[in-house]
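I have placed the structure first, in the form of structure tokens, so that the comments after it can refer back to it.
In this chain, numbering begins with 1 at the start of the sequence shown. Atom set for the values below is all heavy atoms of this structure, side chains included, hydrogens, waters and symmetry mates excluded.
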Amino acid sequence: MIMGPQQANTMTATPTSTIPPDELAETLFQPQHHPLLRAILDNAAEGLAIIDAKGNQLYLNDQARKILGIGLTNSTPEAWSERYGVFLPDMQTRCPSERLPIYRALHGEEAPEEDLFMRNATHPEGRHVHSIARPVRDSQGNFLGATLSLRDTHEQRQAEAGQRRTEQRFEQLVESAQEGLWSVDENSRTNYVNRYFAQMLGYTVEELMEKTLFDIIRPEDIPLMHQYVEDRRRGRSAVLNDFRLVRKDGTFIWTLVSTGPLHDETGKYIGAMAMITDITQRREAEEKVRQLNAELERRIAERTAQLEFSNRELEAFAYSVAHDLRAPLRSISNFTLALSEDCTDKLDATGLDYLQRIRASSQRMAELIDGILALSRVNRTEFVETDVNLSGIARSVSEQLQRWQPERAARFQLQDALVDRGDSQLLRLVLENLMGNSWKFTRERQVAEIEFGTLPDNGTGRIYYVKDNGAGFDMAYQKKLFGVFQRLHTQQEFEGNGVGLATVQRIIRRHGGRVWAEGQVGQGAVFYFTLHEPTALPSTLPRPTGSA
């Protein structure tokens with residue numbers, strides 16, 4: 001049996017090969033074996049205590065003292081609490097106590113292994129300890145005492161607790177996520193789903209755990225899903241847009257699925273994980289927007305057709321009216337001419353003046369009719385887009401103006417190599433009107449200066465201009481420039497019908513551009529226009545640098 005040192009000195013050595021196992025401990029306490037036994041026990045990694053049948057401590061190694069907070073042997077259990085402050089986990093019950101495994105062993109019970117949390121003077125904060133208490137009997141079954149093995153598991157338990165806390169936080173995070181999480185094994189069987197995904201499909205978590213990947217997709221998508229699975233096996237991740245999953249009630253939902261493969265530590269494919277977002281509401285909203293857009297486009301097309309029909313009718317009416325007015329105007333003009341020629345001797349000066357005024361008014365009316373017809377032709381003319389040499393057109397117009405009035409001195413500055421996309425006939429009409437206006441309003445100048453070119457490119461697209469040194473205009477009336485029959489000068493000052501600039505504006509609009517003007521009375525004017533304008537123009541633009 002296990003005994004104290006004073007008892008061990010009375011024993012005689014016996015060969016270990018003939019000693020029964022229960023008596024081996026006695027032999028080890030013989031003098032020649034005591035140093036070896038003591039060294040082995042003192043250096044053990046675990047705490048070890050030997051107690052006799054009365055509960056007296058026979059031996060404590062250093063590790064046991066550290067764990068129990070007890071320093072000396074040969075003390076009775078009743079003295080432990082008073083001398084060393086050994087407490088149970090509740091910090092109220094002191095030793096000795098039947099709550100400790102060692103006391104059950106002292107009563108001959110086979111105590112199971114237990115995990116304790118012990119507080120004492122050495123460890124007031126408490127430490128986790130794993131204990132194994134066993135009774136010791138001799139070969140006849142007589143109770144001799146007990147052994148207590150103690151292993152400090154505090155760091156291990158703390159690490160395990162930290163791991164459990166981490167796992168709990170991760171589980172809480174996953175379960176509280178407002179996204180569906182779904183994992184399948186290498187055979188496409190579900191091995192994890194979070195509660196949100198189960199609710200998304202109308203199942204319980206337990207019901208989904210019995211499903212495979214192919215149980216919750218539409219039958220027509222199964223071939224496609226086989227391809228996706230093969231891609232996962234090859235290590236490819238993917239994002240599946242607008243993928244439909246089947247709910248428990250048979251309806252389907254639109255989802256956005258982000259999926260990737262899972263591998264073990266050896267790199268073997270073990271399944272796939274997917275994050276699923278329910279985009280059904282977004283899809284329904286998009287469908288409503290598409291329907292609204294389709295309805296809006298339909299209404300716009302109907303309204304556009306109505307407007308085009310109305311415009312065609314108005315243009316046809318204007319053309320018809322203008323055409324029908326020509327006959328009576330010609331009659332008025334011809335008869336007034338006949339009166340002035342044949343009845344000159346019968347009319348006094350007042351009568352002849354009246355005839356002259358009637359004739360001038362009829363001619364003015366004819367000019368207005370011509371303007372209306374020209375304006376209506378702008379919208380009725382078929383638009384044929386080609387590369388147009390604007391510099392060549394400007395040069396042709398300038399030569400034509402000079403031929404009409406060769407007696408006038410004029411200086412034209414025309415920028416070369418200006419080519420743009422547009423309808424050549426309509427763009428010729430633009431330059432004829434703008435340069436014709438410059439020619440008309442510079443007739444009081446000794447030398448007319450007319451310039452055509454483009455402003456320096458500032459990144460907003462090409463801007464054309466026609467500049468002159470003529471009569472100019474008051475900027476207060478700028479908005480009237482492009483109105484039909486709107487004129488800033490009297491007929492006596494400068495002839496015209498007030499249709500030319502309105503025609504220019506319509507042509508420029510058909511080319512996706514805009515036209516505007518700047519001027520100063522007596523200082524000339526500048527007319528700007530763009531074609532296929534890409535962006536909004538800045539509030540300030542560079543000025544033409546020519547001499548006009």
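Residues I507 and N433 form no side-chain contact, since every pair of their non-hydrogen atoms from C-beta on lies 4.5 Å or further apart. Side-chain contact between T454 and Q415 is present, with heavy atoms from C-beta onward closer than 4.5 Å. Here the side chains of L429 and E432 are in contact, with some heavy-atom distance below 4.5 Å. Here the side chains of L418 and N389 are not in contact, with every heavy-atom distance at 4.5 Å or above. Contact check for L201 versus V246: no side-chain heavy atoms found under the 4.5 Å cut-off. Looking at heavy atoms from C-beta onward, F452 lies in side-chain contact with L431 at the 4.5 angstrom threshold. Looking at L390 and L427, their side chains come closer than 4.5 Å, going by heavy atoms from C-beta outward. A 4.5 Å side-chain heavy-atom check between E210 and T190 finds every atom pair outside the cut-off.
In this structure, CG in L455 is found 11.0 Å from OG1 in T530, a value given to the nearest 0.5 Å. Note that CG of L245 and CE of M200 are 8.5 Å apart. Values are rounded to the nearest 0.5 Å. Taking CZ from R234 and CD from E230, the interatomic distance works out to 4.5 Å, rounded to the nearest 0.5 Å. Taking CZ of F529 as the start and OH of Y465 as the end, the distance is 11.5 Å to the nearest 0.5 Å. Here the CD-CG distance, from E451 to N469, works out to 10.5 Å after rounding to the nearest 0.5 Å. Taken from OG in S396 to CE in M435, the straight-line distance is 9.5 Å, to the nearest 0.5 Å.
In this structure, R244 is positioned above the aromatic face of F252, its NZ or CZ under 6.0 Å from the six-membered ring centre and within 45° of the axis. Cation-pi contact between R443 and W439: absent, since separation from the ring centre below 6.0 Å together with deviation from the ring axis within 45° is not met.
Sorted by first and then second residue, the salt bridge (charged side-chain N to carboxylate O under 4.0 Å, His left out) pairs involving residues 183-192 (not counting sequence neighbours) are D185-R189. Identified under the salt bridge (charged side-chain N to carboxylate O under 4.0 Å, His left out) test for residues 255-271, with sequence neighbours left out: none.
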Run the salt bridge (Lys or Arg N to Asp or Glu O under 4.0 Å) check on R283 and D278 step by step: do they pass?
CA-CA 10 Å; R283 284 283 307 210; D278 186 349; over 6 Å; no
Please assess R510 against L426 for the test side-chain contact (heavy atoms from CB on, under 4.5 Å), listing each intermediate value before the final yes or no.
CA-CA 9 Å; R510 289 194 70 180; L426 294 179; 4.2 Å; yes
Go through the steps for E286 and R282 under the test salt bridge (Lys or Arg N to Asp or Glu O under 4.0 Å), then give the verdict.
CA-CA 6 Å; E286 291 174 350; R282 191 196 76 186; 3.3 Å; yes
List the steps and the verdict of side-chain contact (heavy atoms from CB on, under 4.5 Å) for F527 and K467.
CA-CA 6 Å; F527 282 81; K467 180 181 178 182; over 6 Å; no
Before giving the answer on salt bridge (Lys or Arg N to Asp or Glu O under 4.0 Å), spell out for E207 and K248 the whole-Å C-alpha distance, their side-chain angles and the decisive distance to 0.1 Å.
CA-CA 10 Å; E207 288 173 331; K248 183 177 180 179; 2.9 Å; yes
Given the rule in the salt bridge (Lys or Arg N to Asp or Glu O under 4.0 Å) test, do R445 and E449 qualify, once you have shown the distances and angles that lead to the verdict?
CA-CA 9 Å; R445 297 290 183 262; E449 296 181 353; over 6 Å; no
Checking E295 against Q291 for the side-chain contact (heavy atoms from CB on, under 4.5 Å) test, could you report, in this order, the C-alpha distance in whole Å, the side-chain angles of both residues, the deciding distance, and whether it holds?
CA-CA 6 Å; E295 177 65 18; Q291 292 176 358; over 6 Å; no
Intermediate values then yes/no, side-chain contact (heavy atoms from CB on, under 4.5 Å), V526 and V466:
CA-CA 6 Å; V526 185; V466 175; over 6 Å; no
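Looking only at atom types and distance, the side chain of E297 has no donor-acceptor partner in the side chain of N293 under 3.5 Å away. Between the side chains of T350 and D353, no donor-acceptor pair is found at a separation under 3.5 Å. Between the side chains of N191 and S183, at least one donor N or O lies within less than 3.5 Å of an accepting N or O. Side chains of S237 and R232: no donor on one and acceptor on the other come within 3.5 Å.
The only option from L224, V229, I222 that meets the side chain to side chain contact (heavy atoms under 4.5 Å, CB included) definition with H226 turns out to be I222. Of the listed residues (I276, N241, D242), just one forms a side chain to side chain contact (heavy atoms under 4.5 Å, CB included) with L256, and that residue is N241.
Annotation for R421: atom CZ counts as buried by contact number, over 12 foreign heavy atoms lying within 6.0 Å. For Y354, the OH atom is loosely surrounded, since the number of other residues' heavy atoms within 6.0 Å does not exceed 12. Atom CZ of R299 sits in a sparse spot, with 12 or fewer heavy atoms from other residues, nucleotides or ligands closer than 6.0 Å. Counting heavy-atom neighbours within 6.0 Å of R218 CZ, excluding the residue itself, gives a total above 12. Other residues, nucleotides and ligands contribute more than 12 heavy atoms inside 6.0 Å of the CE atom of M225. Around CD of Q446, the count of heavy atoms belonging to other residues, nucleotides or ligands within 6.0 Å does not exceed 12.
Shortest non-hydrogen contact noted between A448 and T442 is CB-OG1, 3.3 Å. In terms of heavy atoms, A274 sits closest to V257 at CB-CG1, 4.0 Å. In plain terms, the two heavy atoms of R247 and G202 that are nearest each other are NH1-N, 3.9 Å. Closest approach of F197 and V193 over heavy atoms only: CD2-CG1, 3.8 Å. Summarising the geometry of H532 relative to E385, their closest heavy-atom pair is CE1-OE2, 3.3 Å, with the distance given to 0.1 Å. Between A198 and T204, the shortest heavy-atom contact is CB-C, 3.9 Å.
Taking 4.0 Å as the cut-off between side-chain N and carboxylate O, K288 and E284 do not count as a salt-bridged pair. A salt bridge between E287 and R290 is present, with a side-chain N of the basic residue lying under 4.0 Å from a carboxylate O of the acidic one. Salt-bridge annotation for K440 and D468: absent, with no side-chain N of the basic residue lying under 4.0 Å from a carboxylate O of the acidic one.
Distance alone, capped at 3.5 Å, places no donor-acceptor pair between the S188 side chain and the V184 backbone. Of the possible polar contacts, one joining the Q402 side chain to the R408 backbone as a donor-acceptor pair under 3.5 Å is found. A distance-only check finds no donor-acceptor pair linking the side chain of S398 to the backbone of F412 [under 3.5 Å]. For the pair D215 (side chain) and T212 (backbone), a donor-acceptor distance under 3.5 Å is present. H154 places a side-chain N or O within 3.5 Å of a backbone atom of H128 that can act as its donor or acceptor partner.
Under the 30°/60° scheme for interplanar angles, the aromatic rings of Y269 and H263 are found to stand perpendicular. By the 30° and 60° cut-offs, the orientation of the rings of Y228 relative to F243 is perpendicular.
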